[in-house]
Each structure stands twice: as C-alpha cells, then as structure tokens.
Amino acid sequence: GVEVGPQPQGVVRADTLDKMRKIVKHGLDFVQLFNAGKEFPPCTIEVFKIMEKVDYPRNKNDEVIAIIHPKLQDQDWQPLNNGDPLFLTLDGEVIAYKGDCTIYPTFINEAAYYEKKQAFVKTVKMKLTAKHIRSSV
C-alpha cells in the first residue's frame, strides 16, 4: 500500500495525488527492471521506526486537558529533544518532552486519530542496509 499525506479527510489535493502517482511509478519501474534481470547495488537508507503512540494529557474523567504545543504543530518528522515543548494546557502551562533520546514525532494532531486517543506517534531514526539484489530468472 501507498499512503501519501497528510491531507484532510474527504479532500483530494492535486499535489498529493501527483506525489502518489510518482511513488507508484517508481515502484513499477523497479519491478520491471528487477524482472528484466538488472542488478541493484547495496544501499543504506534512513527510516523512522514507530516506538509508541502518545495520547493527549487527560484528567481523571478521561477529558483532554492539553493541546499540541504551537511549536510542535506541523513539525512531523522533525527532531524533538528533551525539554522541547510538547503540549499546552488549557491554563497555558507548557508540558515539555521528557525523554532520554531524540524522537521524531509524526501524525501530529491528526483528526483521524482523535478517537483513537493518539496525539502523535513517537519514532526514532535508524539506518537500514540492503545487500545487492538481482532476479534469479
């Protein structure tokens, strides 16, 4: 599957559709070249591994008591370090990130995840290395 976004639910954006078409085309080009016997060299890529889903701060009645901090909003895939602002309470108090490593939040404040009690997802950056590949055909 290919998911390209973010974009609001029920909205079709030309720029997002164009990105999706390019990704699918590259995938199909790879399959065609692989099936034709082309050898692909080893490579290393950076990826983001999902570590955990993070909910909004809630009170004892399970009501949301803080929103995404303005400095975090629209900062998907950007580094978040210990002490950086995370949430802003309805009283104006800043809740900072407390962690022992840099994380890369994503799906920040996505409307589709409110009902799932998810403010964002914590990811960590890592590198994956692939050996060369070639079709055995």
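Basis for what follows: all heavy atoms, side chains included, without hydrogens, waters or symmetry-related copies.
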Salt bridge (Lys or Arg N to Asp or Glu O under 4.0 Å) partners of Lys71, counting only residues at least two apart = none
Listed by chain and number, what are the side-chain contact (heavy atoms from CB on, under 4.5 Å) partners of Phe34, not counting sequence neighbours?
-> Phe30, Phe40, Ile133, Ser135
Who are the side-chain hydrogen bond (donor to acceptor under 3.5 Å, both in side chains) partners of Gln78, not counting sequence neighbours?
-> none
Please name all residues satisfying salt bridge (Lys or Arg N to Asp or Glu O under 4.0 Å) with Glu46, sequence neighbours left out, ordered by chain then number.
-> Lys125
Only one of Leu17, Thr16, Ile23 passes side chain to side chain contact (heavy atoms under 4.5 Å, CB included) with Met20; say which it is.
-> Leu17
Tightest non-hydrogen contact, residues Ile108 and Gln75, listed as CD1-C, 3.8 Å
Using a side-chain heavy atom cutoff under 4.5 Å and only I, L, V, M, F, W and Y, what cluster partners does Val124 have?
-> Met51
Show which residues join Met126 in its hydrophobic cluster (side-chain heavy-atom contacts under 4.5 Å, direct or indirect), or state none.
-> Ile45, Val47, Leu128
Taking only residues two or more places apart in sequence or in another chain, which ones pass ring pair (Phe, Tyr, Trp, His ring centres under 6.0 Å) with Phe107?
-> Tyr113
Around atom CD of Glu52, are there more than 12 heavy atoms of other residues, nucleotides or ligands at under 6.0 Å?
-> yes
Identify whether Tyr114 and Phe87 are in the same connected component of the hydrophobic contact network (ILVMFWY, side-chain heavy atoms under 4.5 Å).
-> yes
Just how far is it from atom CG of Leu88 to atom CD1 of Ile67, taken to the nearest 0.5 Å?
-> 5.5 Å
Which heavy atom of Leu72 sits nearest a heavy atom of Leu80, and at what distance?
-> CD1-CD1, 4.2 Å
Verify same cluster id: Tyr56, Val54 (apolar side-chain graph, 4.5 Å) | yes
Test Thr123 against Lys49 for side chain to side chain contact (heavy atoms under 4.5 Å, CB included), laying out the working first.
-> CA-CA 5 Å; Thr123 71; Lys49 179 179 179 183; 5.9 Å; no
Identify, with sequence neighbours excluded, every residue that meets side-chain contact (heavy atoms from CB on, under 4.5 Å) alongside Glu115.
-> none
Side chains of Lys131 and Pro42: closer than 4.5 Å at any heavy-atom pair?
-> no
Inter-residue atom distance Lys19.NZ - Arg13.CZ, 0.5 Å rounding = 7.5 Å
Please name all residues satisfying salt bridge (Lys or Arg N to Asp or Glu O under 4.0 Å) with Asp55, sequence neighbours left out, ordered by chain then number.
-> Arg58
Which residue pairs pass the salt bridge (charged side-chain N to carboxylate O under 4.0 Å, His left out) test when at least one of the two sits in residues 29-44, sequence neighbours left out?
-> Lys25-Asp29, Glu39-Arg134
What pairs meet the side-chain hydrogen bond (donor to acceptor under 3.5 Å, both in side chains) rule with one or both residues in residues 89-105, with sequence neighbours excluded?
-> Asn81-Thr102
Going hydrophobic residue to hydrophobic residue with side-chain gaps under 4.5 angstrom, can you get from Ile68 over to Leu86?
-> yes
Looking only at non-hydrogen atoms, find the nearest pair between Ile95 and Pro57 and report the distance.
-> CD1-CG, 3.8 Å
List in chain and number order the residues that pass salt bridge (Lys or Arg N to Asp or Glu O under 4.0 Å) with Lys117, two or more places apart in sequence or in another chain; answer none if no residue qualifies.
-> Asp62
